[in-house]
K.L.:
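Got a structure here, written out as structure tokens. Questions coming.
Residues take their numbers from the sequence shown, with the count starting at 1. This structure is a prediction, so every number in the text was calculated from the model and none was measured.
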Amino acid sequence: MPVQRRGAAVDITGLRREYVGAQGTVVAIDHVDLKVAPGEFLCIVGPSGCGKSTLLRILAGLDKQSSGTIKVDSQGWAVENAMVFQESGLFPWMDIETNVRFGLDTRGVSRSEAAPRVEQALKLVGLSKFRKHYPHQLSGGMRQRSAIARAFVTDPGMLLMDEPFAALDAQNRVILQGELVRLWEQTGKTVIYVTHSIEEALLMGDRTVIMTAQPGRIKQIIDVPFPHPRDVLQLAASAEFGKLKLDIWRVLEEEVNRARAEMEK
């Protein structure tokens, strides 16, 4: 378990997001009720178009719900969050150190105060030796590690991740899954992680939220029984892991087929 669970608690009640366009009203998510414990690693899976990313964007403050409430530590938006996307989002004209420091610069943190925090974040993701490199000089996996360092350096209460490893090759994905779990175990942050991969959700999360096809609602929440610290490779090879992965797929399969049928209409 993490040394100290010091992330934010999240309480979502009756969340709905609808979009009005030329084709009428589209409901992306509806009646979403969810509680996230401080320091929990929560994964969200569901078929394409079910509103997973919409939910994450609302939590990040990048979109606004049509109705419903979100409380973070019972104080609205009092707790800072950081978001990591599928693409790293690094600024190509900045070296890695400057990219990682960017969030602190925008908050007016002095260079002297920022320096040890940047150093710690780079050390956490194993990129201290690459601090003066530019994004184009790094591999895709190293760029994502840089993005994770940029998220951690601001010491957010909540870390929001939207399929951050989806674009990576299988080997780098496994490595970064293990590294992110290690970082989470060290820092005790609250992590809400969207993924299309059931396997990834089980390797990393405390619980897995299964969403329905559009409009996205919570169909089921699965407690992940595997203790921390986790060796993701060893865990993936276990019979218990394989059985739980199949059980979740059976729950999700109906929603995936329903989403595909809607797309073919």
K.L.:
May I ask you to test the D95-R131 pair for a side-chain heavy-atom distance under 4.5 Å?
P.N.:
no

K.L.:
May I ask you to check whether over 12 heavy atoms, not counting those of K219, lie within 6.0 Å of atom NZ?
P.N.:
yes

K.L.:
Is there a side-chain contact (heavy atoms from CB on, under 4.5 Å) between S128 and K123 once you walk through the steps?
P.N.:
CA-CA 5 Å; S128 296; K123 185 177 180 180; 4.0 Å; yes

K.L.:
Using modelled atom types only, decide if a donor and an acceptor are shared between the side chain of E255 and the backbone of A213 within a distance under 3.5 Å.
P.N.:
yes

K.L.:
Please report the interatomic distance CD(E200) to OG1(T195), rounded to the nearest 0.5 Å.
P.N.:
4.0 Å

K.L.:
What distance separates T154 OG1 from R117 CZ, expressed to the nearest 0.5 Å?
P.N.:
7.5 Å

K.L.:
Keeping the roles fixed (side chain from E185, backbone from R230), state whether a donor-acceptor pair exists under 3.5 Å.
P.N.:
yes

K.L.:
Are the side chain of D11 and the backbone of K35 linked by a donor-acceptor contact shorter than 3.5 Å?
P.N.:
no

K.L.:
Any heavy-atom pair between the side chains of V118 and Q120 that's under 4.5 Å?
P.N.:
no

K.L.:
Evaluate the criterion side-chain contact (heavy atoms from CB on, under 4.5 Å) for residue pair T13 and K71; output intermediate values, then yes/no.
P.N.:
CA-CA 9 Å; T13 305; K71 293 182 179 180; over 6 Å; no

K.L.:
State, yes or no, whether a side-chain contact exists between I192 and L159 at a heavy-atom distance under 4.5 Å.
P.N.:
no

K.L.:
Between I29 and R217, is there a side-chain heavy-atom distance shorter than 4.5 Å?
P.N.:
no

K.L.:
Donor-acceptor check, side chain of T190 to backbone of M158, threshold 3.5 angstrom: yes or no?
P.N.:
no

K.L.:
Return the CD to CG distance between E199 and L244, rounded to the nearest 0.5 Å.
P.N.:
11.5 Å

K.L.:
Enter the distance from R17:CZ to L55:CG here, rounded to the nearest 0.5 Å.
P.N.:
12.5 Å

K.L.:
For G141 and L168, work out which heavy atoms get closest and say how close.
P.N.:
N-CD2, 3.7 Å

K.L.:
Apply side-chain contact (heavy atoms from CB on, under 4.5 Å) to the pair S146 and V125, showing each step before the final yes or no.
P.N.:
CA-CA 7 Å; S146 301; V125 299; over 6 Å; no

K.L.:
Does the pair E253/R250 count as a salt bridge with the N-to-O cut at 4.0 Å?
P.N.:
yes

K.L.:
Hey, does the side chain of R101 reach the backbone of V153 with a donor-acceptor pair shorter than 3.5 angstrom?
P.N.:
no

K.L.:
Quick one: closest heavy-atom pair of A114 and V109, and the distance?
P.N.:
N-CG1, 3.9 Å

K.L.:
With the side chain counted from C-beta on, respond yes when L124 and Q186 share a heavy-atom pair under 4.5 Å apart, and no when they do not.
P.N.:
yes

K.L.:
Are L176 and Q144 packed together at the side-chain level, in the sense that at least one heavy-atom pair is separated by less than 4.5 angstrom?
P.N.:
yes

K.L.:
If you compare all heavy atoms of S66 against all heavy atoms of E18, which two are closest, and at what distance to 0.1 Å?
P.N.:
OG-N, 2.9 Å

K.L.:
In Å, rounded to the nearest 0.5 Å, how long is the span from SG of C43 to CD1 of I221?
P.N.:
12.5 Å

K.L.:
Return the orientation label for the F41 and W184 ring planes: parallel under 30°, perpendicular over 60°, tilted otherwise.
P.N.:
perpendicular

K.L.:
Would you say the side chain of M211 lies within less than 4.5 Å of the side chain of V45, judging by non-hydrogen atoms?
P.N.:
no

K.L.:
For the hydrophobic clusters of this structure (ILVMFWY residues joined by side-chain heavy atoms under 4.5 Å, transitively), does one cluster hold both I58 and L62?
P.N.:
yes

K.L.:
Please check this pair: side chain of T187 against backbone of L183, looking for a donor-acceptor N/O pair closer than 3.5 Å.
P.N.:
yes

K.L.:
Do L42 and I70 share a hydrophobic cluster (ILVMFWY, side-chain heavy atoms under 4.5 Å, transitive)?
P.N.:
yes

K.L.:
Step by step, would you call Q137 with M142 a side-chain contact (heavy atoms from CB on, under 4.5 Å)?
P.N.:
CA-CA 10 Å; Q137 297 175 303; M142 294 171 79; over 6 Å; no

K.L.:
When you measure from the side chain of D206 to the backbone of E40, do you find a donor-acceptor pair of N or O atoms at a distance under 3.5 Å?
P.N.:
no

K.L.:
Tell me whether Y19 is reachable from V27 by hopping between hydrophobic residues (I, L, V, M, F, W, Y) whose side-chain heavy atoms are closer than 4.5 Å.
P.N.:
no

K.L.:
So which heavy atom on P156 is nearest to which on A151, and how close?
P.N.:
CD-O, 3.2 Å

K.L.:
Can you name the closest pair of heavy atoms from R207 and V36 and give their distance?
P.N.:
NH2-CA, 4.1 Å

K.L.:
If you define the side chain from C-beta out and look only at heavy atoms, does anything of V209 sit under 4.5 Å from L34?
P.N.:
yes

K.L.:
Roughly how far, to the nearest 0.5 Å, is CG of D247 from CD1 of I198?
P.N.:
10.0 Å

K.L.:
Between E163 and A166, is there a donor-acceptor pair closer than 3.5 Å when you use the side chain of the first and the backbone of the second?
P.N.:
no

K.L.:
Should D155 and K189 count as an ion pair when the cut-off is N to O under 4.0 Å?
P.N.:
yes

K.L.:
Between L15 and V26, is there shared hydrophobic-cluster membership here, with clusters defined by ILVMFWY side-chain heavy atoms closer than 4.5 Å?
P.N.:
no

K.L.:
According to a 4.5 Å side-chain heavy-atom criterion applied to Ile, Leu, Val, Met, Phe, Trp and Tyr, with indirect links allowed, do V251 and V224 form part of one hydrophobic cluster?
P.N.:
yes

K.L.:
Give a yes or no on this: more than 12 heavy atoms of other residues, nucleotides or ligands lie within 6.0 Å of atom CZ of R111.
P.N.:
no

K.L.:
Could you pull out the closest heavy-atom pair between R145 and G126, with the gap in Å?
P.N.:
NH2-O, 3.2 Å

